[in-house]
*Asks:* 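The structure under discussion is supplied below as structure tokens; questions concerning it will follow.
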Amino acid sequence: MVDENRGKRIAPGYVQVCSNCQGKFNVSVFGEGYPNRDDEYVFCPHCGNHEGYVRTSGYVTTSKA
């Protein structure tokens with residue numbers, strides 16, 4: 001599902017592909033990590049493009065794959 005303001009919902013732990021530059025990256029959640037708390041936005045580490053969001057109470061990080 002894609003929301004105009006938030007983008008697509010992303011599942012952490014899987015390799016993602018940027019819709020802008022086609023770069024591959026990993027999404028990780030640190031901290032408490034309880035699902036469905038807040039929207040943490042995900043940005044491509046290659047080009048900075050907003051790719052979507054993860055619903056969690058933790059912190060989201062991205063790294064190049």
*Asks:* How long is the span from the CD atom in Gln22 to the SG atom in Cys44, to the nearest 0.5 Å?
*Replies:*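 It is 9.5 Å, given to the nearest 0.5 Å.
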
*Asks:* Would you please indicate yes or no on a ring centroid separation below 6.0 angstrom for His50 and Tyr41?
*Replies:*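 Judged by ring-centre distance (under 6.0 Å), Tyr41 and His50 do meet the cut-off.
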
*Asks:* Kindly indicate, with the supporting measurements, whether the criterion side chain to side chain contact (heavy atoms under 4.5 Å, CB included) is fulfilled by Glu51 and Ser19.
*Replies:* CA-CA 7 Å; Glu51 279 299 306; Ser19 61; 3.0 Å; yes

*Asks:* If every non-hydrogen atom of Ser63 is compared with every non-hydrogen atom of Pro45, which pair is closest and at what distance?
*Replies:*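 Result for this residue pair: C-CG, 3.9 Å.
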
*Asks:* Indicate the atoms forming the closest heavy-atom contact of Arg37 with Ser57, along with that distance.
*Replies:*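 Minimum heavy-atom separation between Arg37 and Ser57: CG-CB, 3.4 Å.
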
*Asks:* For the residue pair Val54 and Val29, establish whether any side-chain heavy-atom pair is separated by less than 4.5 Å.
*Replies:*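 Yes, their side chains come closer than 4.5 Å.
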
*Asks:* Using side-chain heavy atoms (C-beta onward) and a distance below 4.5 Å, is Val42 in contact with Tyr53?
*Replies:*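 Not in contact.
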
*Asks:* Considering all heavy atoms of both residues, which atom of Phe43 and which atom of Thr62 are nearest to each other, and what is their separation?
*Replies:*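 Looking at all heavy atoms of both residues, the shortest contact is O-OG1, 3.3 Å.
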
*Asks:* Can you tell me how far the CD atom of Gln16 sits from the CD1 atom of Ile10, to the nearest 0.5 Å?
*Replies:*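 Answer rounded to 0.5 Å: 5.0 Å.
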
*Asks:* Ignoring hydrogens, what is the shortest heavy-atom contact between Asn26 and Lys64? Give both atom names and the distance.
*Replies:*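 Smallest interatomic distance, heavy atoms only, reads ND2-O, 4.2 Å.
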
